[in-house]
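Have a look at this one.
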Number of protein chains: 2
Amino acid sequence: MSNEAVRAIGGEQVPYFRTPEFSEVMFENERLMLQFAHAPEGSRVCFMTTSGTGSMEAAVMNVLSPADKAIVINGGSFGTRFAELLSLHQIPHHEIKLEYGQPLKEEHLAPLAHQGYTALLVNMGETSTGVLYDMPMISRFCQENGLVLIVDAISTFLADPFDMERLGADVMITGSQKALACPPGVSLIVLSPRALERVDCHHSVSMYLDLKLALKNGERGQTPFTPAVGTLLQINQRLRDIEAAGGVDSELKRMKMLSQDFRQKVTVLPFEMFTVSPQNGVTALHPTTTSAYDIFTVLKDEYQIWVCPNGGDLRDRVFRVGHLGALTIDDNTTLVHAMLDMQKREIIK
Amino acid sequence: MSNEAVRAIGGEQVPYFRTPEFSEVMFENERLMLQFAHAPEGSRVCFMTTSGTGSMEAAVMNVLSPADKAIVINGGSFGTRFAELLSLHQIPHHEIKLEYGQPLKEEHLAPLAHQGYTALLVNMGETSTGVLYDMPMISRFCQENGLVLIVDAISTFLADPFDMERLGADVMITGSQKALACPPGVSLIVLSPRALERVDCHHSVSMYLDLKLALKNGERGQTPFTPAVGTLLQINQRLRDIEAAGGVDSELKRMKMLSQDFRQKVTVLPFEMFTVSPQNGVTALHPTTTSAYDIFTVLKDEYQIWVCPNGGDLRDRVFRVGHLGALTIDDNTTLVHAMLDMQKREIIK
């Protein structure tokens with residue numbers, strides 16, 4: 001959900017972008033992204049015209065190499081994607097496979113200490129199940145073992161606290177369509193000085209996903225190829241809106257309040273929380289009496305409310321309610337009322 | 001320049017896309033793209049959330065392999081990009097280097113007949129100089145020599161006649177922001193049955209640019225990763241607008257009329273046409289008495305009119321006037337009047 005100011009930009013002509021004016025917008029985007037991510041001094045941002053997966057692949061290709069030995073946390077479909085990317089790019093790795101919806105624990109990591117690993121990849125929020133991993137615990141393990149820490153924060157940035165410097169994270173990836181609440185089509189990669197050094201040493205096997213090219217053009221506030229100019233202008237509006245409303249801490253507070261309000265209201269329905277460690281941006285619910293996919297379909301077709309269905313094994317077990325973007329307490333009430341109405345109509349048993 | 005209906009979509013909330021409704025939009029996009037490209041029976045379209053370069057690279061990576069031996073026409077910066085992509089992906093190739101602004105001639109191709117070449121890559125319009133290459137001549141050469149023909153039609157599709165079947169072209173690439181007149185962020189690849197066979201045999205070294213994945217998801221009207229949903233809805237509007245206004249032939253007629261009108265009106269100024277074989281979508285002009293870059297700057301800052309400057313060697317010699325999208329005869333008049341005013345003010349000598 002985008003706010004009105006962001007949507008208004010979407011309705012305008014897209015300006016030509018090889019101009020000092022657009023470079024200024026991009027410099028401001030970089031400055032605010034670094035500030036909101038609490039990135040260490042000397043960090044940089046790449047703006048990619050791709051989905052989040054494009055940036056996940058760019059990070060794997062440009063920051064890692066077959067000389068690395070990586071650990072990847074796999075507790076859902078986005079963890080699986082990181083593992084597949086590591087395989088495709090021939091980077092040796094060990095997968096920590098978690099049961100869907102379950103948190104990562106100290107005991108999963110402990111046996112991997114001092115085993116020659118060089119990097120760890122994690123989806124801070126595994127959006128497919130709504131799990132928020134324990135980042136301080138992961139960070140301690142990485143710092144003790146000198147691991148490069150690559151964080152997919154696509155669904156958590158601006159929704160759950162993230163301090164890149166304190167966590168010692170080297171790469172943070174996010175997307176335009178999650179808490180940035182803009183249309184999809186742009187993803188963003190924040191790189192620490194240590195990650196930048198690695199990018200500089202590696203040879204990218206793709207021109208389009210080459211972060212060296214992106215960084216070089218970024219020095220003048222530009223991108224190597226025509227970017228999604230309109231979406232980058234919308235991101236600028238949204239970042240400035242957050243700054244004007246008190247910065248990242250106010251936004252995090254608002255998100256926490258919004259998700260807690262929903263989780264409290266939804267307790268009247270015969271649903272279980274799918275995870276004990278949920279992210280603020282999404283609530284994954286397991287309806288104990290009705291197909292999750294049927295609930296998604298009826299909400300869409302009869303109430304014009306969109307929740308997220310799951311695919312594969314979880315299709316009938318889990319649906320997800322997003323809290324990101326321009327949503328309000330009233331939207332929570334509307335959704336819960338719709339589901340109570342479905343209960344009255346015996347669609348939800 | 002986007003029309004009002006396309007802009008209005010940009011101002012709306014972007015809907016969730018893993019739905020039958022969005023699949024229908026994508027099926028219609030594919031159907032109309034195949035129809036407007038005159039693609040042979042059995043062709044398919046990939047919708048990539050990338051700039052045109054992303055699709056150029058995807059075509060090189062997925063359709064060609066190091067077992068090929070390619071010819072690439074290089075008459076400007078986009079030809080150079082194709083050559084760089086071939087080098088990066090280790091595909092043996094011969095470059096036909098043309099002087100900027102000059103057309104390709106029979107004598108450039110003749111010596112390369114029967115030399116074991118397997119593919120030819122060309123930017124049908126070399127946008128950096130406005131040259132339209134002689135596609136029927138290139139097509140004859142490719143058919144006589146059994147070459148796979150890969151055509152970057154980013155700036156020519158819907159502006160200059162293109163018949164994929166008659167030309168025997170195997171790949172046609174275009175972008176959302178040229179004659180499709182939508183915001184940038186999506187590129188499109190039309191693949192002939194022969195190209196599809198090649199994609200099927202090759203192993204892609206990038207997940208994000210893997211056309212096998214795109215084709216497989218396309219069978220159900222979807223994309224492997226979150227696409228630029230809003231832009232794809234805008235493309236749908238634009239394709240349906242063209243269909244409603246009489247189809248691709250009417251659009252081509254309109255584009256030809258528009259560019260000829262401008263070229264006739266601009267003869268009163270001390271400019272030379274930079275090429276003898278211009279595309280309909282862009283007019284590259286060489287001002288004989290004034291810096292081209294200064295003309296671009298003054299038009300932007302003092303008249304709020306945007307023409308395209310050139311980079312590198314051509315910076316002061318050439319500027320380009322685009323004719324793509326929702327432009328009219330009146331826009332031509334406005335621009336020529338502005339430049340006549342600059343002449344009166346002795347900015348143009």
Side-chain angles (χ1 to χ4, degrees), chain A residues 1-2 4 7-19 21 48-58 60-61 81 84-85 88-89 175-177 182-187 203-210 223-231 300 306-309 311 322 325-326, chain B residues 1-2 4 7-19 21 48-58 60-61 81 84-85 88-89 175-177 182-187 203-210 223-231 300 306-309 311 322 325-326:
Chain A
M1 295 285 284
S2 304
E4 264 183 56
R7 291 213 308 280
I9 294 170
E12 289 170 12
Q13 291 292 357
V14 174
Y16 179 69
F17 72 105
R18 296 285 189 209
T19 61
E21 292 82 356
M48 310 295 286
T49 295
T50 64
S51 78
T53 300
S55 279
M56 287 167 73
E57 181 159 37
V60 166
M61 286 169 98
R81 188 159 298 167
E84 286 170 354
L85 286 167
L88 180 62
H89 296 292
S176 54
Q177 81 278 25
C182 288
V186 169
S187 56
H203 165 77
S204 173
V205 296
S206 161
M207 181 189 287
Y208 193 68
L209 299 176
D210 187 343
T223 54
F225 318 114
T226 307
V229 177
T231 310
K300 166 169 83 71
W306 300 78
V307 299
C308 261
Chain B
M1 294 286 283
S2 303
E4 265 183 56
R7 290 213 310 281
I9 294 170
E12 290 170 12
Q13 291 292 357
V14 174
Y16 179 70
F17 72 103
R18 296 287 189 206
T19 61
E21 292 81 357
M48 310 296 285
T49 295
T50 64
S51 78
T53 300
S55 278
M56 288 167 73
E57 180 159 37
V60 166
M61 286 170 98
R81 187 160 299 169
E84 286 170 354
L85 286 167
L88 180 62
H89 296 291
S176 55
Q177 80 279 25
C182 288
V186 169
S187 56
H203 166 75
S204 174
V205 297
S206 161
M207 181 189 287
Y208 193 69
L209 299 177
D210 187 344
T223 53
F225 317 113
T226 306
V229 177
T231 310
K300 166 170 83 71
W306 299 77
V307 299
C308 262

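We name chains A, B, ... by the order of the sequence lines, and we start the count at 1 in each one. Since the structure is predicted, the reported quantities are computational estimates derived from the model, not experimental observations.
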_Options A:Arg81, A:Arg18, A:Glu4, ranked by heavy-atom pairs under 4.5 Å with chain B, top entry_ =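 Of the options given, most contacts go to A:Arg81.
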
_Taking every non-hydrogen pair under 4.5 Å, which of B:Val14, B:Ile9, B:Thr53 racks up the most with chain A?_
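Option with the greatest count: B:Thr53.
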
_Contact winner vs chain B - A:Gly230, A:Ser2, A:Ser204, heavy-atom pairs under 4.5 Å_ =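 Answer, by heavy-atom pair count under 4.5 Å with chain B: A:Ser2.
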
_Is A:Leu88 in contact with chain B via its backbone, its side chain, both, or neither, using a 4.5 Å heavy-atom distance?_
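Interface part for A:Leu88: side chain.
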
*asked:* Restricting to non-hydrogen atoms, name the atom on A:Thr19 and the atom on B:Trp306 that form the minimum distance, rounded to 0.1 Å.
replied: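 For A:Thr19 and B:Trp306, the tightest heavy-atom pair comes out as CG2-CZ3, 3.4 Å.
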
*If only atom types and distance count, is the side chain of A:Tyr208 paired as donor or acceptor with the main-chain N or O of B:Ser51 below 3.5 Å?*
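The answer is yes, because a donor-acceptor pair under 3.5 Å joins these two groups.
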
*Which bit of A:Pro224 is near chain B, if near means a heavy-atom gap under 4.5 Å: side chain, backbone, both or neither?*
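Looking at A:Pro224, just its backbone touches chain B.
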
*Which heavy atom in A:Val205 sits nearest to a heavy atom in B:His89, and how many Å separate them?*
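Where A:Val205 meets B:His89 most closely, the heavy atoms are O-CE1, 3.1 Å.
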
_Atom of B:Ser206, atom of A:Glu57 and distance for their closest heavy-atom approach_ =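 In terms of heavy atoms, the two residues are closest at OG-OE1, 3.0 Å.
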
*Residue among B:Gly325, B:Ala8, B:Ala326, B:Gly11 with most heavy-atom pairs under 4.5 Å to chain A*: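 Most pairs with chain A among the choices: B:Gly11.
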
*Pairs of heavy atoms under 4.5 Å with chain A: top-ranked of B:Cys182, B:Pro184, B:Gly185*: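 It is B:Pro184.
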
_At a 4.5 Å cut-off on heavy atoms, which part of A:Gln13 comes close to chain B: side chain, backbone, both, or neither?_
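Its backbone and side chain both get close to chain B.
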
*Sort B:Pro183 into side chain, backbone, both or neither according to what part of it lies under 4.5 angstrom from a heavy atom of chain A.*
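Its backbone and side chain both get close to chain A.
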
*Write down the atom of B:Arg7, the atom of A:Glu12, and the distance for their closest heavy-atom approach.*
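Heavy-atom minimum between the residues: CD-C, 3.6 Å.
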
*Does the side chain of B:Met56 come within less than 4.5 Å of A:Met207's, by heavy atoms?*
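With C-beta onward as the side chain, the pair stays apart.
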
*Where does A:Gln177 contact chain B at under 4.5 Å (heavy atoms): side chain, backbone, both or neither?*
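For A:Gln177, side-chain heavy atoms alone lie under 4.5 Å from chain B.
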
*What residue, out of B:Thr231, B:Thr226, B:Thr50, B:Val229, has the most heavy-atom pairs lying under 4.5 Å from chain A?*
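The option with the most such pairs is B:Thr50.
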
